[in-house]
Amino acid sequence: MKDRSPLLSYLSPLLMGTALSLSVLGTSCRPTPEASAAAPVVPVDVETIQSGTVKTSTEFVGQLEATQIAEVRTETQGRIERILVTPGQEVAAGQSLLVLRPDQAEPQFQGAIAGVDVAMGQRDNAQKSLDIAKAQRDTVQSTLNFDRANVDRAQKLVAAGGLAQIRLDEAQSKLEASQNQLIAANEQVAAAEVAIQQANAQIRQAQAQADASQVSVSFRNVVAPVAGVLDNLTVNVGDYVSVGQAVTRVAQVESLFLNIEVPPERANQLRTGLTVELLDPNSKQQLATGNLIFVSPTVNANSQSILTRAQFRNVEGRLRDGQFVAARIIWQTQPGILVPTTAISRLGGKDFVFLVAEQANESGQNFVTLQPVNLGAIQGDRYQVLSGLEQGDRIAVSNILRLNDGVPIAPESGAPESGAPDSGL
């Protein structure tokens with residue numbers, strides 16, 4: 001067995017001056033081989049002390065916030081005809097949530113669509129007029145070309161004495177008539193082209209009116225502004241809503257923020273990236289692990305604290321916007337010794353563990369002795385041991401109430417010795 005201070009010397013200041021107490025203590029805490037052999041063997045679980053991870057941390061309490069919360073407001077007035085979603089449902093950006101009953105916007109939209117159809121019909125008619133005017137112009141142009149050729153032939157024949165002057169005059173008259181007809185045909189083509197331009201302008205105007213009416217009709221569908229989880233609806237089917245009325249909220253909860261007010265004496269330790277653990281404030285069960293993403297460069301004058309912000313991924317959906325949680329900022333991690341809280345006994349205001357002796361007693365039985373320990377902070381279900389134990393020591397971790405100094409022990413059937421794991425909290 002390792003060389004350790006005897007229990008008697010540790011407790012003697014508490015019992016000094018009472019000879020009878022020393023005598024009783026000597027017989028009860030330092031059993032004779034006969035007494036140890038006669039004592040019943042207590043089945044226990046034994047844990048071998050190993051080096052674990054000791055965390056230096058500070059616990060705070062805060063309220064979680066969604067990374068973004070968007071209010072859903074109506075863009076037109078009307079009575080709710082249908083509700084397409086349920087509270088708590090995940091929705092996509094632009095997804096329809098509510099449908100309002102049609103109002104005067106619907107007839108306006110249909111009228112605007114009819115106006116587009118009328119304007120397009122007018123353009124079709126203008127196009128037909130243009131096609132006819134161009135065909136007529138082509139005919140007049142052909143006639144003009146023929147009359148011009150006749151005039152040229154008549155002039156030559158008159159000059160040769162083979163044709164009377166009157167025939168030349170008739171040919172020139174026909175040519176002048178064809179020229180006038182071509183001018184009129186060109187004017188008809190130009191007028192038809194102007195009519196098409198006016199029809200196109202009317203189509204654009206009618207389409208603009210239809211688009212504006214379509215926007216009003218689209219406002220019948222109240223949509224989600226962002227993707228997220230839908231909050232409770234504040235309206236029901238049949239309710240009348242006005243423009244800009246809030247009907248629900250959409251919260252993005254894939255990750256959440258937590259504002260933590262830290263005392264200024266920790267300022268030299270604060271930095272972004274520090275690990276932060278979220279705990280249920282009642283059960284102390286770990287909910288999530290995140291990091292500090294913001295540290296204020298100033299101290300709040302009123303609260304005399306430094307504002308920090310941590311972010312946590314809501315992987316399993318266990319976190320809620322507005323939820324109160326305990327947050328533990330991990331300042332430092334280092335190797336150390338951790339023992340189960342159930343292995344600790346208290347006597348006279350001091351802390352002890354039952355150390356398994358390295359050598360058996362005279363009867364060949366394993367036994368335990370009370371070993372004083374100095375404890376640090378509690379981490380989850382384990383205490384940090386500052387002094388009193390070393391790596392490799394073995395301690396009893398069950399049936400502690402049945403143990404006394406020097407009591408023989410035996411591991412429970414099928415219960416293996418276990419090592420102390422790293423602290424998970």
Side-chain angles (χ1 to χ4, degrees), residues 63-123 198-259 293-294 309 311-324:
Q63 191 174 19
L64 292 173
E65 299 177 2
T67 54
Q68 183 179 4
I69 298 179
E71 281 194 327
V72 180
R73 296 181 178 274
T74 58
E75 298 181 73
T76 187
Q77 62 185 14
R79 197 169 300 279
I80 297 176
E81 185 177 65
R82 283 180 294 160
I83 296 178
L84 307 177
V85 291
T86 57
Q89 177 180 336
E90 291 189 5
V91 296
Q95 179 176 340
S96 294
L97 309 179
L98 310 174
V99 178
L100 303 183
R101 184 171 301 169
D103 54 11
Q104 68 273 13
E106 184 72 21
Q108 290 176 354
F109 174 63
Q110 296 300 331
I113 293 296
V116 174
D117 294 338
V118 170
M120 293 182 69
Q122 292 175 346
R123 184 185 64 180
Q198 292 175 346
N200 286 331
Q202 290 176 352
I203 289 174
R204 289 192 294 270
Q205 181 179 1
Q207 189 63 55
Q209 292 176 350
D211 292 341
S213 299
Q214 177 66 50
V215 172
S216 298
V217 171
S218 298
F219 286 165
R220 290 177 49 207
N221 295 307
V222 182
V223 301
V226 297
V229 178
L230 194 68
D231 202 350
N232 187 41
L233 292 165
T234 59
V235 292
N236 299 302
V237 172
D239 289 351
Y240 189 87
V241 294
S242 57
V243 178
Q245 180 176 338
V247 295
T248 186
R249 300 189 309 168
V250 178
Q252 292 184 338
V253 292
E254 293 85 358
S255 62
L256 294 100
F257 294 135
L258 179 67
N259 293 329
I293 60 172
F294 167 75
R309 170 170 284 190
Q311 186 172 10
F312 304 88
R313 287 186 55 80
N314 195 10
V315 178
E316 299 180 0
R318 300 170 63 187
L319 306 179
R320 295 287 185 272
D321 173 63
Q323 177 181 359
F324 280 96

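Fair warning: this is a prediction, and the values are worked out from it, not measured in the lab.
Remark: E90 CD is loosely packed, at most 12 non-hydrogen atoms of other residues, nucleotides or ligands lying under 6.0 Å away.
Within the 4.5 Å cutoff, no side-chain heavy atoms of V250 are placed close to those of I69. Side-chain contact between Q68 and V226: present, with at least one pair of heavy atoms (C-beta onward) separated by less than 4.5 Å. With contacts defined as side-chain heavy-atom distances shorter than 4.5 Å, the pair V85/V91 qualifies. Between L84 and L98 there is no side-chain heavy-atom pair separated by less than 4.5 Å. Contact check for L230 versus T86: no side-chain heavy atoms found under the 4.5 Å cut-off. With contacts defined as side-chain heavy-atom distances shorter than 4.5 Å, the pair V237/E81 does not qualify.
Here the OG1 atom belonging to T234 is positioned 11.0 Å from the CZ atom belonging to R249, to the nearest 0.5 angstrom. The line from OH of Y240 to CD of Q245 is 10.5 Å long, rounded to the nearest 0.5 Å. A distance of 4.5 Å separates CD in E71 from CZ in R73, rounded to the nearest 0.5 Å. The distance from the CG atom of N314 to the CD atom of Q252 is 12.5 Å, given to the nearest 0.5 Å. Residue D231 holds its CG atom at 13.0 Å from CD of Q89, rounded to the nearest 0.5 Å.
Here the side chain of S96 pairs no donor or acceptor atom with the backbone of V223 at under 3.5 angstrom. Q77 places no side-chain N or O within 3.5 Å of a backbone atom of V243 that could act as its donor or acceptor partner.
If you check the side chains of Q311 and S255, you find a donor sitting under 3.5 Å from an acceptor.
For the pair R309 and F257, the distance from NZ or CZ to the six-membered ring centre is under 6.0 Å and the angle to the ring normal is within 45 degrees.
Under the side chain to side chain contact (heavy atoms under 4.5 Å, CB included) rule, I80 has a single partner from N236, D239, V99, which is D239.
Residue A70 comes nearest to P225 through the heavy atom pair CB-CG, 3.7 Å, listed as atom of the first residue, atom of the second, then distance.
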T248/N232 under side-chain contact (heavy atoms from CB on, under 4.5 Å): CA gap, chis, key distance, verdict: CA-CA 6 Å; T248 186; N232 187 41; 5.9 Å; no
Residue pair L100, V241: steps toward the side-chain contact (heavy atoms from CB on, under 4.5 Å) verdict: CA-CA 9 Å; L100 303 183; V241 294; 3.8 Å; yes
Criterion side-chain contact (heavy atoms from CB on, under 4.5 Å) on V253 and L319, from CA distance to verdict: CA-CA 8 Å; V253 292; L319 306 179; over 6 Å; no
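Taking 4.0 Å as the cut-off between side-chain N and carboxylate O, R320 and E65 do not count as a salt-bridged pair.
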